Amino acid sequence: MKKSSNRSLENLIEKPPFWLSGTGKFPEMVLSTRVRIARNLRKFPFNVKSSPAEREEVRSIVKDVLDNLGLIESPVFLKMEELSELDRKFLIERHLATFDLINDPEGRGVYFSADETVNIMINEEDHIRISVILPGYSPDEAFKRALMIEEKLGQVLDFAFMEPFGFLTSCPTNTGLGIRLSVLMHIPGVIINKQLKSLAENLSMVRATIRGLYGEGSDIIGNIFQISSTLTLGVSEEEVLERFKEVINSVIELEKEAREEIFKKLKDIIEDRTSRALAILQNAKLLNFKEAAEHFSALRLGLAYGLILDYSVKTLNELLFYSQPVHIQKLIGKELSPTERDKFRASYVKTKLSSVKN
Amino acid sequence: MALCEECKVREATVLYVEIVDGTKVVKHLCEVCAEKLSLGLPKEEKKKKTDKLFNIKPSSIKEMFSSPVEEKKNLQCQHCHMTWEYFKKTGKFGCAYCYEAFYENLKGYLKRIHGTYVYHGRPYRRKSVPVENIIEEKLSLERELKEAVESEDFERAAKLRDRIKELNEKIVKQESGKSD
């Protein structure tokens, strides 16, 4: 069967997710906050051992419960095996799927709210992965909403749980609470100040970890990083939240200090970089994603310094996300070669920058 | 038996993940080398550096590695047949029952990752018959219904439909009863 492009995905490309809206606290520095909870059904083998048929059964049980509970507004449900390769990759860029969800797609799926605030991946590494993603720095709200969904599901589903370990997950790093909080942070100050290595070391000492934009094993893109908590045992849910907030507040302070220091020392260079970034984005004929992301980062920083007044955080968020390789192809509506992508990306960015002011 | 990548003498029992200039580096190490590497600097100095950056009291930071413990050999999960050795190699459990099968070894293993193996979250108690039992029944009835319709056995199909409707109501009732 030929996998045609999915209808609900066509709707997605037209409307950016709510978490890109540039609202919430410190939206320029903290793009979004995510709380993810991992759960498994006791009776079914975990996904390193599951067969496609077993995964399908888990998927229909979870979907049925979600439909019946009605917790998620205007839900969209997608079965991974019914999507084209391009659409699956589109979901990854959209943070609605992961590599674990799309590799060997049979029996896996995602259930999410139309505004993409809530998503539930079914048969990723664990049977159930609940995520709530909100714009800006919003840990309390995201935490509350994710736990609420988990609680409702846990009342009707038989979650794998055992004393003294807590919730049983496929990977022992999640055992216990199975909760992970994370933020997507733009930290050019830390990078320019060459503090990334020491930040990463310090984070690991306080049970947090830093990764690239797409999570585990991904590249540095546009000075944007995912910082997440790794605490799941020996602490309560609320303690994890409080500790995470302490850590992120410290990173925010660190980035602020770095930015002040840089601006004092390198004012001319920063101004030059900002203007050049804008000039390139407005005039380039070919733009690869990594280069575009670097210039967007310079614009974000320029915005924070008050050097750029014409564009909002929301616009810069959208530029970054819609410049991703698969997003560009979905915008054009067909598969493109890398060079064609660079061409369309350059033209998309140019148009968006000239049409949108703020 | 895989040897530690650092000393190349002792058995590698720890998956050590490090980020060097933004790139993730994974090493298979023994506990002794992992401890050395994780500390890098003398203990006190490193902690002071962290305190300065994060403003968190050293007492609240638990030790990452405990002294090596004796491990039971030849443990195997009767449900999914995962062995302890294979689990250590992949770092993934095969099913929920692995946790029981590996119970004794797991305490030390989790302690090395998390500093403790004890859950401190809110208690978890499901309130009634797991809804998946009802849904499972419903799914099998739906399959039967499809067959009945295909073979034009409409009398049976009608009965099945009634039964599915009942189950649907049961699911809704169970779930709405809990939205307190």
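Convention: sequence-line order gives letters A, B, ...; per-chain numbering from 1. Computed from a predicted model, the values in this text were never measured in an experiment.
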Checklist line | Backbone of A/V48 reached by a side-chain donor or acceptor of B/K92 within 3.5 Å | finding: no
Checklist line | Region of B/Y97 that comes under 4.5 Å of a non-hydrogen atom in chain A | finding: side chain
Margin query: Check whether B/H114 reaches the backbone of A/P172 with its side chain - one donor and one acceptor, N or O, closer than 3.5 Å.
Written below: yes
Check: If you measure from NE2 on B/H120 to CG on A/L231, what distance do you get to the nearest 0.5 Å?
Finding: 12.0 Å
Note to self: Just verifying a value: how many Å separate B/F93 CZ and A/N40 CG, rounded to the nearest 0.5 Å?
What the structure shows: 11.0 Å
Check: How are the rings of A/F165 and B/Y117 set relative to one another: parallel (under 30°), tilted (30 to 60°) or perpendicular (over 60°)?
Finding: perpendicular
Notebook entry, point to check: In terms of ring plane angle, is the pair B/Y99 and A/F46 parallel, tilted or perpendicular, where the classes change at 30° and 60°?
Noted result: perpendicular
Notebook entry, point to check: Taking all non-hydrogen atoms of both residues, which atom of B/Y103 and which atom of A/E163 are closest, and how far apart?
Noted result: CE1-O, 4.5 Å
Checklist line | Part of A/E239 lying under 4.5 Å from any heavy atom of chain B | finding: neither
Note to self: Please check: side-chain N/O of B/Y119 versus main-chain N/O of A/F161, any donor-acceptor pairing under 3.5 Å?
What the structure shows: no
Notebook entry, point to check: Is the number of heavy atoms from other residues, nucleotides or ligands within 6.0 Å of NZ (B/K159) greater than 12?
Noted result: no
Next item on the list: Count the heavy-atom pairs under 4.5 Å between each of A/T232, A/I179, A/T175 and chain B, then report the option with the highest count.
Entry: A/T175
Next item on the list: Hey, could you give me the CG/CZ distance between A/L147 and B/R122, rounded to the nearest 0.5 Å?
Entry: 5.0 Å
Item checked: chain B interface, residue from A/N47, A/V58, A/T169, A/V62 that has the most non-hydrogen pairs under 4.5 Å -> A/T169
Next item on the list: Kindly give the heavy-atom pair with the smallest separation between B/C95 and A/P45, and that separation in Å.
Entry: CB-CA, 4.0 Å
Next item on the list: Would you mind checking which part of A/S50 comes under 4.5 Å of any heavy atom in chain B, side chain (CB onward), backbone (N, CA, C, O), both or neither?
Entry: neither
Next item on the list: Evaluate the criterion side chain to side chain contact (heavy atoms under 4.5 Å, CB included) for residue pair A/K43 and B/H79; output intermediate values, then yes/no.
Entry: CA-CA 10 Å; A/K43 278 179 20 189; B/H79 269 259; over 6 Å; no
Next item on the list: Calculate, to the nearest 0.5 Å, the distance between atoms CD1 and CG belonging to B/I113 and A/N174 respectively.
Entry: 10.0 Å
Check: Has B/N74 got more than 12 heavy atoms of other residues, nucleotides or ligands less than 6.0 Å from its CG?
Finding: no
Item checked: Contact origin within A/E253 toward chain B - heavy atom pairs under 4.5 Å -> neither
Notebook entry, point to check: Say you draw a straight line from SG of B/C98 to NZ of A/K49; how long is it, rounded to the nearest 0.5 Å?
Noted result: 7.5 Å
